[in-house]
Amino acid sequence: MIMTAPIDHSSFFSRAATEVARELIGCALLVDGVGGRIVETEAYAGDDPASHSFRGPTARNAAMFGAPAHAYVYRSYGIHWCLNFVCLPGSAVLIRALEPLAGLEVMAERRGTGNPRALCSGPGRLTQALAVDVSLDGAALSRPPFHLEAGSRPADIAVGPRIGITKAADVPWRFGLAGSPFLSRRM
DNA sequence: TAGACGATAGCCT
DNA sequence: GGCTATCGTCTAA
């Protein structure tokens with residue numbers, strides 16, 4: 001088990017995505033008891049051309065315009081799922097990488113690799129390891145299967161530009177635990 | 001209704 | 001380090 005304190009979901013997520021993204025680093029995320037410590041996030045704002053919410057609500061991004069502290073799950077490149085936490089309406093934080101701590105065996109089986117660094121180091125890998133898919137789109141983060149806990153005060157947080165986008169690519173809204181070997185890429 | 005493209009991962013060189 | 005598979009979603013006609 002991970003020794004951390006509970007968090008107040010509603011107030012924690014009712015803020016700007018950039019702020020939440022930074023503070024999520026070091027927090028523990030478990031889905032059905034499987035997960036670890038968040039080491040990499042990206043913020044997506046409502047007036048952000050790179051955000052799915054930029055062109056307004058659609059069937060796909062509806063969760064982004066719902067209440068804060070809920071999950072927004074979408075399929076990327078027609079292949080894998082990406083997990084986001086909704087903040088203020090129209091904004092969200094993409095969870096990009098975890099340091100695996102709980103349920104290593106389950107994750108290894110789902111991922112088909114025993115290499116701890118390859119289990120959750122990337123948005124698609126993370127959702128596969130935690131068995132996150134569209135059935136959790138819109139689910140409350142305060143209820144099972146989700147479990148979030150505040151971590152110890154973030155150590156060194158590295159900041160950089162977001163990955164894999166073409167619009168607003170220069171905005172430094174990617175946050176990571178400096179020096180962690182579990183990042184999807186070096187900062 | 002068709003066409004274009006994307007918040008990637010994994011394999012190959 | 002570079003290339004490609006693969007398909008849901010959006011946009012335009």
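The sequence lines fix the lettering, A, B, ..., with proteins before strands; numbering per chain opens at 1. Reckoned from all heavy atoms, side chains included, excluding hydrogens, waters and symmetry mates.
Atom pair Asn115(A):CG and dG10(B):P shows a separation of 11 Å (rounding to whole Å applied). One interatomic measurement links the two molecules: CZ of Phe54(A) to C1' of dA7(B), which rounds to 15 Å at whole-angstrom precision. Atom pair His80(A):NE2 and dG10(B):P shows a separation of 8 Å (rounding to whole Å applied).
Side-chain N or O atoms of Thr127(A) include one that pairs as donor or acceptor with a backbone N or O of Trp81(A) at under 3.5 Å.
By the 6.0 Å contact criterion, CZ on Arg186(A) is open, its count of non-hydrogen atoms from other residues, nucleotides or ligands being 12 or less. No more than 12 heavy-atom neighbours from other residues, nucleotides or ligands sit within 6.0 angstrom of CD on Glu109(A).
Backbone-only engagement by Arg55(A) is indicated by non-hydrogen atom pairs under 4.0 Å involving sugar-phosphate atoms exclusively. Residue Arg60(A) is classed as a sugar-phosphate contact, given heavy-atom separations below 4.0 Å to backbone atoms only. At a threshold of 4.0 angstrom between heavy atoms, the contacts of Ile79(A) include nucleobase atoms, whether or not backbone atoms are also involved. Residue-level contact check: Ser184(A) touches neither bases nor backbone, having no heavy atom under 4.0 Å from any strand.
Comparing dC10(C), dA9(B), dA7(B) against the side chain of Arg125(A) picks out dA9(B) as the nearest. Taking the side chain of Asn84(A) as heavy atoms from C-beta on, and the options dC10(C), dA7(B), dA9(B), the nearest nucleotide is dA7(B).
Regarding contacts with the backbone of dA9(B), every side-chain N or O of Arg111(A) stays at 4.0 angstrom or more from both OP1 and OP2.
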Check: protein-nucleotides 3-6 of chain B nitrogen or oxygen pairs below 3.5 Å:
from: dG6(B); atom 1: N2; to: Gly78(A); atom 2: N; distance (Å): 3.3

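Salt-bridge formation is not detected for the pair Glu40(A)/Arg185(A): no Lys NZ or Arg NE/NH1/NH2 atom is positioned less than 4.0 Å from an Asp or Glu carboxylate oxygen. With salt bridges taken as basic N to acidic carboxylate O contacts below 4.0 Å, one links Arg162(A) and Asp48(A).
Between Phe13(A) and His9(A), the angle of the ring planes stays under 30°, which puts this pair in the parallel group of the 30/60° scheme.
Taking the centre and axis of the six-membered ring of Phe146(A), the NZ or CZ atom of Arg143(A) falls outside the cone set by 45° and 6.0 Å.
When both pairing distances are held under 3.5 Å, dA7(B) makes no Watson-Crick or G-U pair with any nucleotide shown.
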